2 protein chains.
Amino acid sequence: MTKLILMNTFTEENYLKAIYKIAEEGDDFITTNDIAGKMNTKAASVTDMLRKLSAKKLIKYKKYYGVALTENGKKVALNIIRSHRLWEMFLVKTLKFKWDEVHDVAEQLEHVRSEKLVKHIDKFLNFPKFDPHGDPIPDANGKIISSHEKSVLLSEAKHDKNLVITGVKDHSVSFLQLMEKSGIVPGSKIKVKAVQPYDKSLSLVLNGRKKMFVSNQIAKNILVANAGGRK
Amino acid sequence: MTKLILMNTFTEENYLKAIYKIAEEGDDFITTNDIAGKMNTKAASVTDMLRKLSAKKLIKYKKYYGVALTENGKKVALNIIRSHRLWEMFLVKTLKFKWDEVHDVAEQLEHVRSEKLVKHIDKFLNFPKFDPHGDPIPDANGKIISSHEKSVLLSEAKHDKNLVITGVKDHSVSFLQLMEKSGIVPGSKIKVKAVQPYDKSLSLVLNGRKKMFVSNQIAKNILVANAGGRK
DNA sequence: AAACATATTTAGGCATATCTAAATTAAATA
DNA sequence: TATTTAATTTAGATATGCCTAAATATGTTT
């Protein structure tokens, strides 16, 4: 029997999302092993799926020579990312989840098949441009603000400037929990006072009053922009 | 490798829900074919699944002698039903979906695995007792108001009494759309003026002003209670 | 009680998505 | 350039959930 409705499985969607994210991180040569790493699966399984996605013209795939999304594949990936980030926003803003609690649930909700649902959530949230981690939310046509345009790493930021947290690079629960506890969340104001030459750790002032220290390791995972630099 | 986390698949959950609903309709002897009908699948597939659910002690199953949910199975079914009805309520009340548009989406959302999510939606909606179709929403412990306790079919209701619509029996899109268009929705006030002896069609007054006729076929799918009879 | 009709189960297959282990290819090194 | 190493692909299995067709059980007629 032929399949009447053309639809991607959850797994296919997750592979496309993973490929998109690896590409976004800068790799323009995306390998089977890269994907296996991101998907927590084995290279052999990835090869199987790549053949399938290629047959559906969602990726360009040449054996042994890596992978790239087609226009169509990119569209599917961005749609899932849009849905994921809107759901994260909904969970945090409307249902009062903490920003470190939303990922796994959004990972499920993103696959619910209903354009209308995503549109309505978007409208309900008043068309947010960024999710709770500071990542940009693609619009319904897949247009996305190029990731953190005007942002730099906190570890590279100029001293004594008024900065605002725009996002984080590490999305792990442990990192997010640490940030949440310290009050370093998107929107917070921050100023770099000094850097220890020895270990490159930073002295900061948060929201104009709280003094704190963070390691270079942490500062490298925080994105900031000049205060007022992003609406 | 042994499965570390004990979890039911979407399909298993749907079978349990189907069995629960057939039982609720009055059948106390539930057959393989009953389930195949409800699940839109074949008897052979049902047998496969019954063996599986039985092994997991979610149903009591004796070959050729029908099926009943165990306490545990009932709990799982009621949990899914709770989630489904809360999501329907959310879609209608918060996202302004029509009551005839919510079923398919809720059918997907009900399977999202997060107790916290369901609890938060419940709280956000202010702990509703009934869904948009008038069906009772089980609480977090699986306690459910016995379906339409004080309700009777509109076709059986007394004349010239002030009644309120409490629910519908037919949940098909076409029926719901018809009801929506006529204004016969849970909460509406209604009074039976007369019944045609010939075809048992009813003359009604809706919300104290709109006069209308409905066939007996329709009236048999509408539940009503004495106005003020249910909070 | 035997024969029949109907419902149910079994047997054998298919598709998806996964895995391990073996074979193959590409790229780096000697 | 030949060899080695590392990545990738293929081959062959497994589990889920579904199917069709054949076998079997139940219960109802005759």
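Keep in mind that what you see is a predicted model, and the values were worked out from it rather than measured. Proteins get letters first, then strands, A, B, ... in listed order; numbering begins at 1 in each.
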Write down the protein N/O and nucleotide N/O pairs, taken from nucleotides 11-14 of chain C, whose separation is under 3.5 Å; answer none if there are no such pairs.
none

Inset, instruction - Give one of base, sugar-phosphate or nothing for B:Thr47, where a contact means two heavy atoms less than 4.0 Å apart. - result: base
Inset, instruction - Take atom CZ of A:Arg51 and atom C1' of D:dT9, then tell me their distance rounded to the nearest Å. - result: 9 Å
Inset, instruction - Name the nucleic acid region contacted by B:Thr32, choosing base, sugar-phosphate or nothing; use a 4.0 angstrom heavy-atom cut-off, strictly under. - result: sugar-phosphate
Legend entry - For atom CG of A:Asn33 and atom C1' of C:dA27, their distance in whole Å: 15 Å
Legend entry - Between C1' of D:dG12 and NZ of A:Lys42, the distance in whole Å: 17 Å
Legend entry - Steps toward side chain to side chain donor-acceptor pair (under 3.5 Å) verdict (B:Trp99, B:Glu180): CA-CA 8 Å; B:Trp99 75 329; B:Glu180 170 77 14; 3.2 Å; yes
Legend entry - Candidates D:dC18, C:dT18, D:dT9 - which lies nearest the side chain of A:Lys63: D:dT9
Inset, instruction - Find the distance A:Asp34:CG to D:dA7:C1' and express it as a whole number of Å. - result: 11 Å
Inset, instruction - Return the value, rounded to whole Å, for the distance between atom NZ of A:Lys62 and atom C1' of C:dA26. - result: 12 Å
Inset, instruction - Ignoring the backbone of B:Tyr65, work out which of C:dT18, D:dT26, D:dT9 is nearest its side chain. - result: D:dT26
Inset, instruction - Decide if the gap between the ring center of B:Tyr61 and the ring center of B:Tyr15 is smaller than 6.0 angstrom. - result: no
Inset, instruction - Determine whether A:Trp87 and A:Val105 make a side-chain contact, defined as any pair of heavy atoms from C-beta on separated by less than 4.5 Å. - result: no
Legend entry - Whole-Å gap separating C1' (C:dA7) and CD1 (B:Ile30): 16 Å
Legend entry - Check: B:His103 ring centre within less than 6.0 Å of B:His171 ring centre: no
Legend entry - Between P of C:dT8 and CD1 of B:Ile35, the distance in whole Å: 9 Å
Inset, instruction - Verify the contact: side-chain N or O of B:Thr31 to OP1 or OP2 of C:dT8, cut-off strictly under 4.0 Å; return yes or no. - result: yes
Inset, instruction - Report yes if the side chains of A:Leu50 and A:Ile35 come closer than 4.5 Å at any heavy-atom pair, otherwise no. - result: yes
Inset, instruction - For A:Tyr61 and D:dA7, give me the distance from atom OH to atom P, rounded to whole Å. - result: 16 Å
Inset, instruction - Classify the nucleic acid contact of A:Tyr15 as base, sugar-phosphate or nothing, counting any heavy atom under 4.0 Å across all strands shown. - result: sugar-phosphate
Inset, instruction - Return the nearest nucleotide to the side chain of B:Met49; candidates are D:dT9, D:dC18, C:dT10. - result: D:dC18
Inset, instruction - When you get a sec, tell me which of D:dT9, C:dT8, C:dT16 is the closest nucleotide to the side chain of A:Ala43? - result: D:dT9
Legend entry - Donor-acceptor contact present, side-chain A:Asp199 to main-chain A:Ser201, <3.5 Å: yes
Inset, instruction - Identify, between A:Tyr64 and A:Thr41, the residue whose nearest nucleotide on DNA chain C lies closer to the 5' end. - result: A:Thr41
Inset, instruction - State, yes or no, whether a side-chain contact exists between A:Pro128 and A:Leu86 at a heavy-atom distance under 4.5 Å. - result: yes
